[in-house]
K.L.:
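Okay, handing you the structure first.
First the proteins, then the strands, lettered A, B, ... as listed; each starts at 1. Computation of the quantities below employed the complete heavy-atom set of this structure, encompassing side-chain atoms and omitting hydrogens, waters and symmetry-equivalent molecules. Predicted, not measured: the structure shown is a model, and the values here were computed from it.
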Amino acid sequence: MAKIKGAVVVDVERCKGCNLCVVSCPSNVLALSKDANAKGYNYSNMADPDSCVGCAACAYVCPDACITVYKVRV
Amino acid sequence: MAKIKGAVVVDVERCKGCNLCVVSCPSNVLALSKDANAKGYNYSNMADPDSCVGCAACAYVCPDACITVYKVRV
Amino acid sequence: MTTNDIINPANLVYAKTKVMNDVPMHYCPGCSHGVVHKIIAEIIEEMDMQEKTIGIAPVGCAVFAYKYLDIDWQQAAHGRAPALATAVKRLLPDRLVFTYQGDGDLAAIGTAETIHAANRGENIAIIFINNGIYGMTGGQMAPTTLEGMKSSTSPNGRTVPLNGHPLDITKLLAQLKGTCYVTRQSVHTIAAVRKAKKAIQKAFENSMDNKGTSVVEIVSTCNAGWKMTPEAANDWMVENMFPAYPLGDLKDL
Amino acid sequence: MTTNDIINPANLVYAKTKVMNDVPMHYCPGCSHGVVHKIIAEIIEEMDMQEKTIGIAPVGCAVFAYKYLDIDWQQAAHGRAPALATAVKRLLPDRLVFTYQGDGDLAAIGTAETIHAANRGENIAIIFINNGIYGMTGGQMAPTTLEGMKSSTSPNGRTVPLNGHPLDITKLLAQLKGTCYVTRQSVHTIAAVRKAKKAIQKAFENSMDNKGTSVVEIVSTCNAGWKMTPEAANDWMVENMFPAYPLGDLKDL
Amino acid sequence: MKEEIIIAGFGGQGVLSMGKILAYSGLMQGQEVSWMPSYGPEQRGGTANVTVILSDERISSPVLNSYDTAIVLNQPSLERFENKVKPGGTLIFDGNGFHKFPTRTDINIYRIDATEYAYANDAAKTMNMIILGGLLKVRPIVQVENVLKGLKKSLPERHHHLIPMNEKAIQIGMRLIKKVN
Amino acid sequence: MKEEIIIAGFGGQGVLSMGKILAYSGLMQGQEVSWMPSYGPEQRGGTANVTVILSDERISSPVLNSYDTAIVLNQPSLERFENKVKPGGTLIFDGNGFHKFPTRTDINIYRIDATEYAYANDAAKTMNMIILGGLLKVRPIVQVENVLKGLKKSLPERHHHLIPMNEKAIQIGMRLIKKVN
Amino acid sequence: MNDSEKHNMEEVRLMKGNEAVAHAAIRCGCDGYFGYPITPQSEIMETLMEQEPWNTTGMVVLQAESETSSINMVYGAAGCGKKAMTSSSSPGISLMQEGISYLAGAELPCVIVNVMRGGPGLGTIQPSQADYYQTVKGGGHGDYKMITLAPASVQEMADHTVLAFDLAFKYRVTAMVLADGVIGQMMEKVVLPPFKPRWTENEIRQISPWATLGKPATREPNIINSLRLEASDMEELNLRLQGRYREIENNEVLFEEFSVKDAEYVIVAFGTTARVCQKAVEMARAEGIKAGLLRPITLYPFPTVEISNLANKIKGMLTVEMSAGQMVDDVRLAVNGRIPVEFFGRMGGIVPSPDEVLHALKTKIIHR
Amino acid sequence: MNDSEKHNMEEVRLMKGNEAVAHAAIRCGCDGYFGYPITPQSEIMETLMEQEPWNTTGMVVLQAESETSSINMVYGAAGCGKKAMTSSSSPGISLMQEGISYLAGAELPCVIVNVMRGGPGLGTIQPSQADYYQTVKGGGHGDYKMITLAPASVQEMADHTVLAFDLAFKYRVTAMVLADGVIGQMMEKVVLPPFKPRWTENEIRQISPWATLGKPATREPNIINSLRLEASDMEELNLRLQGRYREIENNEVLFEEFSVKDAEYVIVAFGTTARVCQKAVEMARAEGIKAGLLRPITLYPFPTVEISNLANKIKGMLTVEMSAGQMVDDVRLAVNGRIPVEFFGRMGGIVPSPDEVLHALKTKIIHR
Ligand SMILES: Cc1ncc(C[n+]2csc(CCOP(=O)(O)OP(=O)(O)O)c2C)c(N)n1
Ligand SMILES: Cc1ncc(C[n+]2csc(CCOP(=O)(O)OP(=O)(O)O)c2C)c(N)n1
Ligand code: SF4
Ligand code: SF4
Ligand code: SF4
Ligand code: SF4
Ligand code: SF4
Ligand code: SF4
Ligand SMILES: [Mg+2]
Ligand SMILES: [Mg+2]
């Protein structure tokens, strides 16, 4: 069975650190960073990139349209 | 069986000759007069007083509260 | 026994209530408004509530209701009677507060005020005269005007694409949690008048018992606006209005 | 295969639609408005309707919707979006016309406009963001605020005697003859987002097919007004809003 | 030439349409005209009246306080307008239902029992044309031929067959009217 | 004595409440005070600022164009208000997240790294009191004892147990603040 | 002779002012009418419904659920660059004030007809001019102006309807036709304006490039909007509006004079009242009094310069209105103290009589 | 010391103008508040909801579904002789114009607070004074006036709320407290007014015998109404109203002067702007310019006589407003051409600065 691997890119400056992507990710890939962006928000990023399956759950629920999702079969 | 006899008094100046009492009377007692009142309306009156049974149907439906009803058992 | 013998206070069966003033009413001959006024006056007399009642008059043919019923009245801006009634009842909670509104007043411009007062469950009675037309202003289309019905703003009859559907607002009001009693009546026969009177009396009692909002719709005629004789208007109403606005209780908690 | 290898246009699964502008949105972190904006933008792109769409923005937090979706917009007075939409659609019958309204806008001050546009069966789509509060003005009670729910004008929780019942306006709209499609959705999970998107797409198609008025309520959060984190707000919504405003189609003709 | 006329009576007596026909007649003979109804408080069963002005010159005020001619068709209208006829002017009344009659001596007073005639001859629909005929007999301010032209212009085509009937009514009115002072 | 102060930063940094405490302190020492927030367009995530005036005399305009003292807690606020400090006045900034720093030489500039301190010491709740402490160190416009009185007055009774903690924060701020020019 | 030539023929008709508005609207290419019945102007919508222009020109006519809704429908239609209008009478116009302010803020052109009746409150349905302040000074919030035309005849009811649309689109403002019950209800001769076709969408794109007709890839989105986040942006909008108002004041003043040339005393009055005053002037002249009449046709822009110039030549002015005295403020502001300006008015639905006016002229101005 | 004595103690507090309105309303025996949220005045209703006066004084506080509804609730409450109020900001006040006209026609006393923001349209939520015309000239239809108080401090927000009720009941009119966003949002010291109990029904029967409390057999029905069938009856109502307005103009003018005694130039300004101008006057005096400030506290009735008298003594006046120039009309009408009257203003939410005002005084008046 082909394995699916995904990756996401967060638009860091657009992100408001709401954490909704984090809790919606089935694979616990995302986490809020310690650093803040220019607006003072702790933005989301891939804490565990290897677990990403590219399901886009995070992107769908992101209110600020910050997340771009990629996926490959390997 | 006691017979019931009724009578109505129409407030002629208040009456607007709408005819609703006339058509609502089960005994065909009422009719609009040929004469008009001061406002130019052909008012209602008892055309066939003997048939009145004092049921007050006319009075209930009169929009202008013109009709007073009396009734006796004879 | 002659008629004159019968006409004797001792034999009195029915007479105009004192709560109804002696001045002639301005309504067109045969207008339903008069009958409803009379019923309300009778109930107020029978409940002995003259001293405790505040009526809210609409803008519509019944704007002059305050001339005919011998109680305290407020005359509301077009459609806003329920807002006035809300304030009056909240500030005078032991009073009987009712609005008297036409279909233009209640179901067009006053839609928001009606729905929100009813949804808040204000302890008021709403008497709603649905004659399917704007009587006062010369017979324009109302929200409740039936499909195909002519009016001065639908001279060839109401059509849905141009004017939308007739609005059954009473049905909506019955859905609201704030209403305790919603009923539809008419006043074209003695039986109907008697039932309508009972309904309004119940609505008034609900107001005094603080049970919520009561709505009594009276499906009515406007013979002037409909351009018919009063009798023909009654027949037309039975034939056309009743199927669209069927009589009976929609809600009674 | 590294993350950088995967991040390649060829592997793209999901990206912000072009109909959504690049400017940052003013919404609070986690606000449902953003998700709904995004869905609408995606549908407009997918239906290739950018050139044919006119959106009507409300007064409410979404007043700035016109900054975020790259289409023609009109900004309506508080509550009047359905009146604007009525005129726009009647004058441009081949356009996609939708309103985007909050619960204060649609169900309080705009009650009459909403009900009458829907009852006329205007061929528009109404997107209704029900977050149970006036977000924009700082969290006051809305018509849809639940019993017991705190807001800045019900600091100890809404109570029926003081503030009346929560208003389920969508249910009323489903009763009206002019509506063809009335549904209630949410956007807190990917599944919900997908369903909501389908619903809005159907509403838009109905507008283009002139089938009547479509209403898509999105039960939403306002974490700022509710004074919760976005996640907690989602949970609170599931637990408290959904029982009062159950998801699903109320009408689909 | 300028003629300032008030026509007043119950609603339903055709007061407004009589005024309208008069105004159209003026129009037909090239005059300036104005027709101003009392559009009172949607009077249900009240009185109606209309001010009609025919003039060779531009008409200033369409609302007047005194009139060259008053046509009054019920008691309240007589009471209201008798005093507003200019000295030397004309007052025409339909005597039906009157219990008090005009008393001025400085004006010309005419009676026309059009209602009675119409009732007796089943001619309610042309009653206002009868009265108009009476007016034209004593104040020939417009020519009958222009009245008929005006009727043609104001009536929808499907009612044009009624015009001869109306012409007859005018003749009747001219016969019925009587000077009473 | 009159002191015109602007405090500016992100919403959520306690800008408005810092101003409020300052105003209350002025009240406690019998001064006239005014507190005027930018109540901007319900700015979600925008900047917030408040103008506080303490004066021995009646305060005329509560809205100002220049200030004796500016406290700026983020970059945009520095850019907006640096130029509005009166010559010889005071500018205090929290360096956290700044990439451009104040450049004026005709005013006294202080830095207080309260955010950093609060982050390190889990003291986010008293951050604004730390900054206030810093202010009072360099501009002793109100006495600490009046600040505490003001706190007592403005806080609901159930929060009075927090006052000692706030007093400590003031002391910390007095230590943290550093002149940078 | 083809159909449109036939239509364009000058034909004298007799109709009510209200009817003239309806016919003129159809003929000048109005796209949409939205209204709610109220006396004394319901004939406007009734005539439209009878004419069924949707079958001929394609004009939309819709009875709204309220005046609030009507004015916002007008906003929606105007936002699409369409010629939209509504009409009402005093209480209904009061309900439109928020919408009117929005229209001004969003710089939308449209036409409103107010056939005024006696107020305040429900008042009477009789004629009045007591909405002058509301119209000319500002019934809604914020700084804005409406071009205000005051017809004094049925002919002007028709002409001003057309003119109102022209001016509204020239300046992207609301143009109000401010009539009163008399003008709305009276019948007079009228020659209706010629038929103009409604604008096509391409024409709208030319005339009103800001209109929301859907955003092609070739332009930025069009946003109809009066909101500004920053006060400075809002001031900029206000400055633009104020600039436009100065232009209107410079270019669009209309008025009519009657016997003013050699006059020593001038009456200023508009609408029905001006006609009454014209009669009063005739009567005064018959008595040898050198009276004249200045009738502002535009109430905004007001003929300030003309009245100011007049003040240098005459002895006194009388303003006559069916109100407690509203336009008289603008007359006084124009005269600025140089000669006496007095007021005579009737209220609540009463039309002043020529005798009263003449009497007022004598007692308040000539023999003061 | 019992509870009410404690309450009556003068205690200095710090609060927002909006909060002060709420507290003052409760304390002065207000019976009912009806409102709808809008920035920058939502704290009024929020404070009331927090205070829960229904548990103490029995005052009713209700969030209505709209401003239209609010003002009509006020009408209903006022019709019962109750002390009723609402508050809003510019767009919301525009929605109340029909109701305001009805209140005037029915001669009902009540209080409205308008915390003005920048317009027209949705505009900004920043402070403005551009609803002066709407308030003082007439936003609703028909001839009517509202007593208009213009607070310039948080203390006056409290005091004017109380005063507004007193004046409203004295004259059976609406009293408007016309504030702006600055006054509503700023915190200042305030001493709240003492507690007054709400009127009992018997007191209401004494004070407002016209109130609809239910009709006892001993009197005719009370009818709250603005409708008249006959124009002559409507005129009678109007004449009564106008008579009352003349009384108000004679008795109730309030204003404040600052450095006016020896002034050569006087600035006229109200509300927040007056405070800015006071600072400008201080600056002018520091430069040796003999400037002064006249602050109308009542905008209606306007201090016409005082300004007129001043015009005989000084060289010029500058009116400063947060608008395109509205009150300046009333200043000019008072001055009637005797000295130059110029205007300086900022719009759309911008508060003018003292420097700007001083500059305007110099360039527009002193060195013109
Ligand atoms: C704000 C406002 N709009 C319109 C009107 C005009 N108007 C008076 S009564 C009425 C409608 C009356 O119809 P309805 O409520 O059905 O009462 P009816 O006369 O049929 O009993 C209208 C539109 C008004 N007075 N005020
Ligand atoms: C006429 C008017 N009244 C009140 C307001 C103030 N106001 C702005 S938004 C809003 C309510 C917003 O609530 P909602 O519609 O639920 O939208 P949300 O912000 O929650 O998305 C109110 C009352 C206004 N702008 N105009
Ligand atoms: S959902 Fe979007 S905005 Fe929220 S944290 Fe994730 S990426 Fe950032
Ligand atoms: S794409 Fe799916 S797996 Fe990957 S981060 Fe997003 S939610 Fe998690
Ligand atoms: S119902 Fe009444 S008004 Fe009608 S005819 Fe009979 S008595 Fe007269
Ligand atoms: S009382 Fe009955 S029987 Fe007698 S007249 Fe009336 S309806 Fe007829
Ligand atoms: S118009 Fe209609 S509703 Fe009005 S009084 Fe006449 S019949 Fe009755
Ligand atoms: S206040 Fe509420 S609705 Fe508004 S942006 Fe914030 S979370 Fe969203
Ligand atoms: Mg009706
Ligand atoms: Mg909301």
K.L.:
Counting only heavy atoms closer than 4.5 Å, note whether H/Val182 contacts chain F via side chain, backbone, both or neither.
P.N.:
both
K.L.:
Relative to chain H, which of F/Ile53, F/Ile59, F/Val52 shows the most heavy atom pairs under 4.5 Å?
P.N.:
F/Ile59
K.L.:
Can you say whether F/Leu64 sits under 4.5 Å from chain H via the side chain, the backbone, both, or neither, judging by heavy atoms?
P.N.:
side chain
K.L.:
Using a cut-off of 6.0 Å, state whether more than 12 heavy atoms not belonging to F/Asp122 lie near its atom CG.
P.N.:
no
K.L.:
Answer yes or no: are there more than 12 heavy-atom neighbours, outside F/Lys179 itself, under 6.0 Å from its atom NZ?
P.N.:
yes
K.L.:
Run through H/Arg13, H/Lys16, H/Arg275 and flag the one making a salt bridge (Lys or Arg N to Asp or Glu O under 4.0 Å) with H/Glu188.
P.N.:
H/Arg275
K.L.:
Look at H/Glu282 together with F/Lys2 and state whether they make a salt bridge at an N to O cut-off of under 4.0 Å.
P.N.:
no
